[in-house]
Every structure is written in C-alpha cells, then in structure tokens.
2 protein chains.
Amino acid sequence: MIKNQMRMTHQRDIILRQLRKSTAHPTADELYEQIKKKLPRISLATVYRNLEILSTAGLIKKLEISGRRKRFDGELRRHHHVYCLLCHRVDNIDLGQEENFQFLPAKAGGYRITGCRIEFFGICPDCKKKLKETKKMGCKKCGNETLNDQQQQILKTLAQSATACGSKDIAAAVKLEPKQISSQLTTLKKKGYVASPVRCKYEITEAGKSAIA
Amino acid sequence: MIKNQMRMTHQRDIILRQLRKSTAHPTADELYEQIKKKLPRISLATVYRNLEILSTAGLIKKLEISGRRKRFDGELRRHHHVYCLLCHRVDNIDLGQEENFQFLPAKAGGYRITGCRIEFFGICPDCKKKLKETKKMGCKKCGNETLNDQQQQILKTLAQSATACGSKDIAAAVKLEPKQISSQLTTLKKKGYVASPVRCKYEITEAGKSAIA
DNA sequence: GTTGACATGGTAATAATTATCAAATACAAA
DNA sequence: TTTGTATTTGATAATTATTACCATGTCAAC
Ligand SMILES: [Mn+2]
Ligand SMILES: [Mn+2]
Ligand SMILES: [Zn+2]
Ligand SMILES: [Zn+2]
C-alpha cells in the first residue's frame, strides 16, 4: 500500500473534529460557518478541499442526498438517513433488525454493484410544528393555501390509498356528493396537492402529504 | 377567482412524449439536446420550466440521485434505480419479490415518513469494458512518459486552435467529463506539453506539438 | 540551510439551475 | 370566429454550489 501523504494540518484537524462532534451532516458552507469561530482566517476553499481529501482518504463520508448540496458525515459505521422535504435537514435513522440487511437486486442489468443506499424522506419534527402553527394562523394571504374540511378529508383518504383513486372510491370513504368531490379534487389539483396520473384517477402528492401533516 | 390551469403546449407535449419514449432518465440538458432535433427553436429554460411543472403535476418524476444534476423519469410506477459511479448513467433496477416491500424504520426520530428510496450504485457494463481496455493499454510506470488517449485527443484539439482554449472549448470537441479534461490538462501542463497563458485558458507548447507529431 | 512536495487564503471560473421580461400563444368567453 | 387575457415562451441575466488557480506559506527530508 502506498503511504498516505496527507499531512494533518491544523485546519484539517479542526474540520475533522468538528464533523465528528455532531450527527448533523453539515454542508461545506455550514461547517465553514461553525469553524470560522475557531479559525476566523480559514478559507471556504480550504473547507471544501479538505472535505474532499478526508472523504477520499476514508476518514469521513460524503453524502449526496436530497438536492444539490453535498453533506458530510463523521460517522463511518454503516447506517442510513432520513431527510426533511421542507427544510432539507438530514438525520440518521435506525432500521432495527434490518440494519445490516444487504439488499441484492434480482437482476443487476449488467452492473457490477458495489453498494446500496436506503433513504427515507418526510417531514421533520420542527417543520411539523411550523405547519401546525401556519394552519392555526389562517392569514388572508395564506387563504389560498388553507384547506377546508372537505379538502382535508379527501386528502386524508387519498393518503391512505396505495393506488390512484376515482371519485367513487373517495365517495365511499367521505360522505359527500360526487359533484362536490370532483370539484374539490380540481381545486386540490390546482394547488398541487393531488395529481392525476390517469384520467379521472387521483393520488396525493408530496406537497399534499405535508399539507395534512 | 384565480385560474391556474396548465396548458398543454406543443413544447410541453413533446417533452412529455420524449421522456416517456425511453427509460434513460435524462437530465434537462440531455433532453434539450434530443428535443432540439424536433423543435430547433426551443429554449433550455423551457425544458427546465416544463420538467418542473410536469413533475409538480405528477405527470413525471424528478430523480435527485448521484450528484448535482437532476434527472427525470417518465415511468410513474414505483421502482428503484442503479447508477454508475464512473459515468453517472442511471438505470431502472428490478428488486424481484421485494419490489413492493415498504421499508419502515424502527424509530423515525420524530419524522413523519412519507417515503423511502432505494439506490444501488456500481460500475455499468460500458465502464467495465473501458476499464479493462485501460488496464491492457499500459503500465502505471510508463504513464509518466506516454500519453493516454484522452491526453492525445486534448493535445490534438489544442493544436487545431489558434487561440488559447478553456476546458469548455475542449469539451465541445472531446467527449469527456469536464473534471477529466481539467485533470488531464494539469498532467499535460506538468509534462510541459500545454501552457496556460491566462487563468483557465490553455494552449499547446512546442513540446506538446512534437508529442503528437 | 536548501529543496520540493504539499497546503492555504483569496479569488476567478465553471456548472446547473432559477429568475426576469418582452413578445407570442392558447383557450375560454363573447 | 373573434377577442381578451392569463399563461407560456425564448433569450438572457442572476444565483448557487463547487472547483480551479496561483502566489505564498509550511514542514520534513536531504
Ligand atoms: Mn449519518
Ligand atoms: Mn426509472
Ligand atoms: Zn424540516
Ligand atoms: Zn458507466
């Protein structure tokens, strides 16, 4: 094996320590802001550079989940993540007994598979709270965004269905006139809370799920 | 009363059809290149805009895997993906009987979980083949003296240009990742075959010219 | 102490995406 | 069929995140 030529500079050391100190999976920029308190003269480029070097050396892990910004993890143990669709924070997740289960696809399509990543997504506790408060508030501006009782019932019904529903299916669960349901579905579709994969079939979108969270 | 109906414009329709035509998970840019053949006057912005609108409407899916570029999928059925660590292509993957299995974490850490994504990664068939060829080509020791295919291509491109080129100019002529080009340029510069008269601009040297003579 | 590989801070450049805006278009109402 | 107008488009500017560059600095080996 070739000797690792990497020097452990003061900056590199601080970056590594800071990453290991929490389980917050910071971006390069977030880390830079934290580290500036200890090393006010450090450059953002140094942070980027060292995160790259440290992850190539296998001392940290680079996460490429949930959007365009890379995040970094000081925890090397095999584990998986959840991220919030609204604020994009990333947390570790416990898969229980499945934790060490290695998925292997039936057909690899000719690929040589070297790994597998399992990611969950949803709404984090903080954002759940914020959503509740926003709903309570009910300001005029948000009026366009707030849902009436009928709409909420329909969304909840759709959320429980694995497949797309027709208005008949919804009528079975929600005691409303078919005409009403159809009208509300149209409104919900406009707001982006339901989608129609096929004519006359409706399903809830991610936005819809967060609207009733 | 604000009406917010999505119009099915010609551009939007073509984009949707093109996406559904293959299982290649193109990026906005790749799709743009394909569509330009049918609609030469379409704007890249229109492609980006419509991909966003179509995915919000639930007519297509947005994939945020493997790096910084978003990819899009016309297939709405629940399925998962493999991607190549080297060339970043994305393919569908068959999970066999597990396909519809919904992972649920033991502890959600307070999150309201709305979904789960399973991603495999590895080396695609094409890249496997290329790796084999590269191995055959030459020993690492000789690497210092001989030029590989990429380096020769780059040098030839530079030789044909009257003015200094940016890596973008080279990328237009040589089908390679910008990172690759940049890396090879650095190597070539060290060897004295290219010079950099201005930042990020490169030109061939006399030594470089004789190297490809 | 000289040498030379590796690092750093400051900044420019790049890549991918998003925003802006005047002009074109789709489409519902007249 | 014509018309009014909100939506959409193409062109381009701006933004975001990351990477490249370079002059200068550090340090360990000769
Ligand atoms: Mn983690
Ligand atoms: Mn797919
Ligand atoms: Zn959140
Ligand atoms: Zn590949």
Side-chain angles (χ1 to χ4, degrees), chain A residues 2-15 26-33 35-36 39-57 62 64 66-72 88 190, chain B residues 1-15 26-33 35-36 39-57 62 64 66-72 88 164-172 176-187 189-190 194-202:
Chain A
I2 298 161
K3 188 179 143 194
N4 192 356
Q5 305 253 23
M6 187 181 64
R7 293 178 187 165
M8 187 48 71
T9 61
H10 189 204
Q11 290 90 333
R12 197 163 286 167
D13 187 51
I14 294 283
I15 288 169
T27 62
D29 192 64
E30 287 163 0
L31 212 42
Y32 171 61
E33 291 303 326
I35 287 170
K36 264 203 296 192
L39 297 178
R41 306 213 21 95
I42 198 172
S43 158
L44 176 57
T46 300
V47 175
Y48 270 105
R49 206 167 23 217
N50 281 312
L51 287 170
E52 190 61 38
I53 289 167
L54 288 168
S55 82
T56 300
K62 199 196 304 185
E64 300 204 347
S66 110
R68 246 144 296 116
R69 307 168 77 192
K70 288 179 185 168
R71 293 181 169 273
F72 297 85
H88 304 114
K190 275 181 195 167
Chain B
M1 177 75 84
I2 297 162
K3 294 204 174 183
N4 206 1
Q5 194 181 325
M6 183 177 76
R7 293 177 184 168
M8 188 47 71
T9 61
H10 190 203
Q11 290 90 332
R12 197 164 285 168
D13 188 52
I14 296 280
I15 288 168
T27 61
D29 192 64
E30 286 164 1
L31 212 42
Y32 171 63
E33 290 302 328
I35 287 170
K36 264 203 297 193
L39 297 178
R41 309 215 16 97
I42 199 172
S43 158
L44 176 57
T46 300
V47 176
Y48 270 105
R49 210 170 15 222
N50 281 311
L51 287 170
E52 190 60 39
I53 289 169
L54 288 167
S55 81
T56 301
K62 198 196 302 184
E64 300 205 346
S66 109
R68 243 145 297 113
R69 307 168 77 192
K70 289 179 185 169
R71 294 182 169 272
F72 297 86
H88 304 115
C165 297
S167 53
K168 230 182 182 178
D169 305 317
I170 299 167
L176 284 176
E177 295 266 321
K179 229 182 183 177
Q180 276 289 313
I181 292 175
S182 179
S183 157
Q184 298 295 8
L185 281 170
T186 305
T187 308
K189 200 172 144 194
K190 270 185 194 165
V194 312
S196 176
V198 202
R199 259 184 180 213
C200 304
K201 295 279 180 188
Y202 300 90

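Nothing here was measured: the structure is a model prediction, and the numbers come from that model.
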- Query: Across the strands shown, which category fits B:Asn50 at heavy-atom distances under 4.0 angstrom: base, sugar-phosphate, nothing?
  - Reply: sugar-phosphate

- The side chain to side chain contact (heavy atoms under 4.5 Å, CB included) partners of A:His88 (sequence neighbours excluded) come to A:Ser66

- Query: What is the distance from CZ of B:Arg41 to C1' of C:dT25, rounded to the nearest Å?
  - Reply: 15 Å

- Note on the structure: Contacts of B:Ala28 and A:Ser43 projected onto DNA chain C by closest heavy atom; the upstream (5') one is A:Ser43

- Query: Once you round to the nearest 0.5 Å, how far does CZ of A:Arg71 lie from CZ of A:Arg69?
  - Reply: 6.0 Å

- Item | Presence of B:Gln11 side-chain N/O under 4.0 Å of C:dT25 phosphate oxygens OP1/OP2 | no

Under 3.5 Å between N/O atoms: give me all the protein pairs with nucleotides 18-21 of chain C, atom names plus distance.
{"residue": "C:dT18", "atom": "OP1", "partner": "B:Lys70", "partner atom": "NZ", "Å": "3.1"}

- Which pairs, with at least one residue in residues 42-54 of chain B and sequence neighbours excluded, count as a salt bridge (charged side-chain N to carboxylate O under 4.0 Å, His left out)? B:Glu52-B:Lys62

- Message: Using the salt bridge (Lys or Arg N to Asp or Glu O under 4.0 Å) criterion, which residues pair with A:Asp13? Sequence neighbours excluded.
- Response: A:Arg17

- Between atom CD in B:Glu33 and atom P in C:dA16, what is the gap in whole Å? 12 Å

- Query: Measuring from B:His10:NE2 to B:Ile42:CD1, what's the distance to the nearest 0.5 Å?
  - Reply: 9.0 Å

- Message: How many whole angstroms separate atom CD1 of B:Ile15 from atom C1' of D:dT9?
- Response: 11 Å

- Query: Between D:dA6 atom C1' and B:Met8 atom CE, what is the distance in whole Å?
  - Reply: 17 Å

- Gap separating the CD atom of B:Glu33 from the OG1 atom of B:Thr27, nearest 0.5 angstrom: 9.0 Å

- Starting from C1' on C:dA26, measure out to NE2 on B:His10 and report it in whole angstrom. 14 Å

- Query: What is the distance from CZ of B:Arg71 to C1' of C:dA15, rounded to the nearest Å?
  - Reply: 14 Å

- Note on the structure: side-chain hydrogen bond (donor to acceptor under 3.5 Å, both in side chains) filter on B:Arg12, not counting sequence neighbours, yields B:Asn50

- Message: Going by the rule side chain to side chain contact (heavy atoms under 4.5 Å, CB included), which residues pair with A:Leu31 if we only count those two or more places apart in sequence or in a different chain?
- Response: A:Ile15, A:Gln18, A:Leu19, A:Pro26, A:Gln34, A:Ile35, A:Val47, A:Leu51

- Partners passing side chain to side chain contact (heavy atoms under 4.5 Å, CB included) against B:Tyr48 (at least two apart in sequence or in another chain): B:Ala28, B:Leu44

For nucleotides 3-5 of chain D, list the nitrogen or oxygen atoms of the protein found under 3.5 Å from its nitrogen or oxygen atoms, one pair per line.
none

- Item | Angle between terminal axes - the helix from C:dG1-D:dC30 to C:dA30-D:dT1, 5 pairs each end, rounded to 10° | 20°

- Between OH of B:Tyr32 and C1' of C:dT17 the distance, given in whole Å, is 15 Å

- What is the distance, rounded to the nearest whole Å, between atom CZ of A:Phe72 and atom C1' of D:dA17? 11 Å

- Task: Please determine, for the side chain of B:Thr9, which listed nucleotide (D:dA17, D:dG10, D:dT9) has the closest atom?
- Result: D:dT9

- To the nearest 0.5 Å, tell me how far A:Glu64 CD sits from B:Glu64 CD. 12.0 Å

